[in-house]
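Report on the following structure.
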Amino acid sequence: MPRSVGTGEENETKLTLENDVDALFKLPLAEFTVARNAMAARLKKAGSRGEAERVKTMNKPSISAWAVNQLHWKHGDAFKG
């Protein structure tokens, strides 16, 4: 996700959201949908309606995509040339 230039607070909020989304995709696959919906609800409650909608539209990854992501996060050095 490309980063845009903004205020320090905006950049910190975007970084936090990116970290939260990364954490979402690191979860066991069976927990994805419940966690995604909870994250969207928290964002909506905090007044971040647009971000909540973006999170809510994130699809649960296929098992093969999830498995590759897990390998990357847990063994990232093996993917570096």
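On a predicted model such as this, the values are computed, not experimentally measured, just so you know.
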Check Q70 against L27 and note the closest heavy-atom contact, atom names and distance. NE2-O, 4.3 Å
Nearest non-hydrogen partners of P61 and L29, listed with the distance: O-CD1, 3.5 Å
Looking at N59 and R36, what are the two nearest heavy atoms and their distance? CA-NH1, 4.5 Å
Is there side-chain contact between W66 and F25, with heavy atoms separated by less than 4.5 Å? no
Which atom pair, heavy atoms only, marks the closest approach of F32 to K60? CE2-CA, 3.4 Å
Spatial distance of atom CG (N37) from atom CE (M58) [nearest 0.5 Å]: 12.0 Å
Check whether any side-chain N or O of S62 sits under 3.5 Å from a backbone N or O of A65 as a donor-acceptor pair, and report yes or no. yes
Give, for atom CG of D77 and atom NE2 of H72, the distance between the pair rounded to the nearest 0.5 Å. 10.0 Å
Distance col, row R54:CZ vs M39:CE, nearest 0.5 angstrom, shows 11.5 Å
Restricting to side chain to side chain contact (heavy atoms under 4.5 Å, CB included), what partner residues turn up for R49, sequence neighbours left out? K44
Could you give the distance from CD (E51) to OG1 (T16), rounded to the nearest 0.5 Å? 10.0 Å
I need the minimum non-hydrogen distance between A52 and A40, along with the two atoms involved. CB-O, 3.3 Å
Is the closest side-chain heavy-atom distance between L17 and L43 below 4.5 Å? yes
